[in-house]
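Letters go in sequence order (proteins before strands), and every chain restarts at 1.
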Protein chains: 2
Amino acid sequence: MPRDATLEDVAKHAGVSLATASRVLNGSTRQVGRELRERVEHAATELGYTTNRAAQALARSASDILGLVVHDLSDPYFAVLANAVVRAADMHGLSVMVGTTFRDPEAEIGYVATLRAQRVRAIVLAGSRIDDAAMTERLRAELDRYRGTGGRAALIGQDLLGVDTVVPDNHAGAGELARSLAGLGHTRFAVLTGPATLLTAADRVAGFAEGLASLGLPAPLLFPGPFDRDGGYAAAQRLLAADTDVTCVFAVNDVMAVGALAALRDGGCEVPGRISVAGFDDIPTLRDLTPALTTVRLPLADMGRRAVALALGTVPIVAEPAETEVVLRESTRSLLEDA
Amino acid sequence: MPRDATLEDVAKHAGVSLATASRVLNGSTRQVGRELRERVEHAATELGYTTNRAAQALARSASDILGLVVHDLSDPYFAVLANAVVRAADMHGLSVMVGTTFRDPEAEIGYVATLRAQRVRAIVLAGSRIDDAAMTERLRAELDRYRGTGGRAALIGQDLLGVDTVVPDNHAGAGELARSLAGLGHTRFAVLTGPATLLTAADRVAGFAEGLASLGLPAPLLFPGPFDRDGGYAAAQRLLAADTDVTCVFAVNDVMAVGALAALRDGGCEVPGRISVAGFDDIPTLRDLTPALTTVRLPLADMGRRAVALALGTVPIVAEPAETEVVLRESTRSLLEDA
DNA sequence: TACGCTTCGGAAAGCGTTTCCCACGCTACG
DNA sequence: CGTAGCGTGGGAAACGCTTTCCGAAGCGTA
């Protein structure tokens with residue numbers, strides 16, 4: 001098995017020194033005379049030379065890898081985010097190394113350690129923090145270790161780790177959603193809250209509840225459960241079983257809302273005829289659902305891009321949260337026209 | 001800015017040689033005496049030492065990175081695949097570096113080159129090949145260069161590049177779908193074919209057409225277009241405008257089917273009342289659509305896993321294609337009960 | 001002709017690991 | 001008692017690149 005051509009091979013082949021070959025092939029500030037430059041380039045293509053990035057990273061002590069850690073790539077929320085991050089990294093000439101944690105904080109910490117070992121240029125951490133001080137502290141410690149030696153990091157989620165963060169305005173978005181739904185005449189709400197420990201979920205629940213309270217409406221009924229499609233399904237089933245006078249359900253994210261829609265449909269409950277449903281995120285992949293889902297739009301792709309910019313330090317730190325926007329669609333109906 | 005602790009720092013701190021420190025900290029076959037071992041371990045944690053993987057890769061001339069290239073991470077098809085690949089890689093102790101090509105063959109070749117430069121342990125290439133001999137040849141050449149120096153690669157798609165391939169049985173799956181739909185009494189079909197140059201699309205169209213032919217049914221009407229949601233939407237619009245007697249539409253993938261469903265709905269055409277719709281892939285994220293989509297299931301997660309196994313050479317090469325399964329749901333209705 | 005500049009090529013010292021090879025002290029054995 | 005063999009420790013040469021430093025050559029000017 002022939003080995004890869006090295007820079008030395010190229011230099012020999014071209015009859016120049018290692019230094020010259022390096023200068024020609026990998027961006028240096030120094031000029032190389034036309035004659036030698038062409039000899040080197042020719043030798044390189046002839047030998048099929050490709051820079052060994054690992055060696056390059058070692059010599060330069062700077063890698064061209066960006067680390068990304070998400071909870072679950074098959075969740076369209078993260079898929080869209082990851083997509084944007086990969087794209088943005090590409091624009092900066094960086095490759096992306098992804099890790100998935102499947103919502104295991106332990107795995108998340110482990111993955112940051114792996115990325116630190118790779119000496120990646122920057123780390124982007126996506127996904128909700130959880131309400132677990134010990135875990136948060138350990139993650140923070142790991143990140144601090146990384147940043148302590150020049151590593152850069154950015155977060156998408158709650159600003160809890162002392163690093164630059166793109167924070168989706170969950171609280172405000174949910175509040176606005178509450179007001180919009182109330183504007184349609186709804187007064188009795190249920191919330192499929194997701195896990196109590198997930199801060200993103202908690203923020204949305206709180207924002208929603210406060211929105212209602214600010215209008216003098218009664219507090220919503222809460223149905224906790226997992227943060228995914230099946231969690232939404234199960235929670236909605238429980239809602240149905242509870243036999244309430246709720247006219248509108250807020251699932252704290254779109255994939256849960258999809259599950260809820262399925263459960264209501266399976267339970268013979270018309271949406272929005274009998275119950276209206278709203279989600280959060282406005283996942284592009286889910287826009288063609290019927291009934292089309294009322295939701296709160298998050299600028300996912302933009303958030304990914306901004307996180308990369310923050311991580312790379314190409315942008316001044318702005319604490320300004322990612323703006324949300326309520327999008328009313330068919331899954332919620334107005335009760336007012338009944339009057 | 002303090003720099004990262006190196007193995008040498010650890011060795012000094014523990015009062016041992018570099019060799020010993022290395023043996024203790026990074027799996028060596030050689031034993032180190034208990035006393036020294038503990039001193040080294042202690043020093044390592046004290047200094048917060050983490051192996052520099054780039055240096056390690058250089059010294060060992062073997063990296064622990066797996067390269068993955070997909071067309072578009074935000075497409076749930078690739079998201080699910082990528083998820084499985086990341087998981088499988090993790091099991092083998094490898095990290096994954098992803099690249100997205102956005103269906104640009106040029107970018108695909110470029111990304112393989114990047115991965116070769118990283119000297120990744122193996123490359124998994126996902127996504128349909130295209131009908132472009134020159135491009136295919138160039139990609140093949142790039143892959144051969146990589147494999148020529150010990151690189152390993154696997155493909156998910158068409159077996160065209162001379163590397164181990166997980167090939168979804170598009171042809172047979174589509175054929176089976178055709179027979180199933182014919183079994184429901186349909187006789188006049190349209191196919192939203194996607195781009196003519198995409199082999200996956202072409203295989204499905206051909207398989208479907210042959211399935212119909214084998215039953216003596218007339219050839220389907222063909223509506224080409226892009227391979228994505230909007231492509232499906234546009235193609236379905238053209239179908240409507242054509243004002244045909246078609247009772248069943250086959251969109252060559254699920255996301256196109258979603259677009260088609262939307263177009264038909266927007267066009268006031270009932271599904272499955274007036275027209276039945278079927279897709280291909282059985283994307284999990286899309287299973288809660290209404291009407292639920294009849295489709296051909298592909299074992300996506302399994303395919304990802306198998307590709308990793310092939311790429312890592314942990315499994316003998318089996319040419320056996322990935323099995324498909326027709327899943328009839330509500331988006332297609334039986335015409336027989338009309339009789 | 002001599003001087004100082006500016007260019008440009010090459011030698012060599014890193015970058016942080018691994019690993020080959022040698023040395024040392026033991027035990028076991030003929 | 002000499003020696004073969006094993007278990008451990010360390011020195012030092014890789015691995016493939018970048019970059020600093022030096023020196024040589026070419027140029028224009030006085």
C:dG10 phosphate, OP1 or OP2, under 4.0 Å from A:S17 side-chain N/O:
yes
Round to a whole Å and report the spacing from CD of B:Q31 to P of D:dT8.
6 Å
Less than 4.5 Å apart, any side-chain heavy atom of A:D64 and any of B:Q118?
yes
Just N and O in the side chain of A:R30: are any of them under 4.0 Å from OP1 or OP2 of C:dC8?
no
Could you go through B:D4 and A:R116, starting from their C-alpha distance and side-chain angles, then the distance that decides it, and tell me whether this counts as side chain to side chain contact (heavy atoms under 4.5 Å, CB included)?
CA-CA 10 Å; B:D4 276 305; A:R116 178 159 82 99; 4.0 Å; yes
Would you mind classifying the nucleic acid contact of B:T50 as base, sugar-phosphate or nothing, using non-hydrogen atoms under 4.0 angstrom?
sugar-phosphate
Worked check of side-chain hydrogen bond (donor to acceptor under 3.5 Å, both in side chains) between A:D72 and B:N83
CA-CA 7 Å; A:D72 180 357; B:N83 198 247; 3.2 Å; yes
How many Å lie between CG on A:L7 and C1' on D:dC15, as a whole number?
13 Å
Between A:D64 (CG) and D:dT18 (C1'), how many Å, whole number?
14 Å
Could you give the CG-to-P distance, from A:L58 to C:dT18, as a whole number of Å?
12 Å
What parts of residues 110-121 of chain B reach DNA chain D, counting only heavy atoms under 4.0 Å away?
none
Taking the side chain from B:T114 and the backbone from B:G110, do they hold a donor-acceptor pair closer than 3.5 Å?
yes
Count the heavy atoms belonging to other residues, nucleotides or ligands that lie under 6.0 Å from CZ of A:R87, then report whether that count exceeds 12.
no
At under 4.0 Å, does any side-chain N or O of B:N26 touch on OP1 or OP2 of C:dT18?
yes
State plainly whether the residues A:E41 and A:R37 are in salt-bridge range, i.e. N to O under 4.0 Å.
no
Atom-to-atom span, CZ of B:R3 to C1' of C:dG16 - whole angstrom
10 Å
Does B:H71 have its ring centroid less than 6.0 Å away from the ring centroid of B:F78?
yes
Atom CG of B:D9 and atom C1' of C:dG16 are separated, to the nearest Å, by 10 Å
Nearest-nucleotide check on DNA chain D, B:A59 vs B:R34; residue mapping nearer the 5' end is B:R34
Between A:E108 and A:R138, does at least one N-O distance fall below 4.0 Å, as a salt bridge requires?
no
Nearest whole angstrom, please: distance from the P of C:dC15 to the CG of A:N52.
18 Å
Rounded to the nearest 0.5 Å, what separates atom CG in B:L199 from atom CG in B:D159?
12.0 Å
Is the shortest heavy-atom distance from the side chain of B:V10 to the side chain of B:L25 under 4.5 Å?
yes
Phosphate contact (D:dG16 OP1 or OP2) by A:Q56 side-chain N/O below 4.0 Å:
no
Is there a side-chain contact between B:V70 and B:Y77 in this structure, where contact means two heavy atoms from C-beta onward sitting under 4.5 Å apart?
no
With each end axis built from five pairs of C1' atoms, what bend angle do you get for the helix from C:dT1-D:dA30 to C:dG30-D:dC1? Round to 10°.
60°
Does the side chain of B:V96 reach to within under 4.5 Å of the side chain of B:I65, using non-hydrogen atoms?
no
Rounded to whole angstrom units, what separation is found between the CG atom of A:L36 and the C1' atom of D:dA24?
14 Å
Which of residues 18-25 of chain A have a heavy atom under 4.0 Å from DNA chain C?
A:A19, A:T20, A:R23
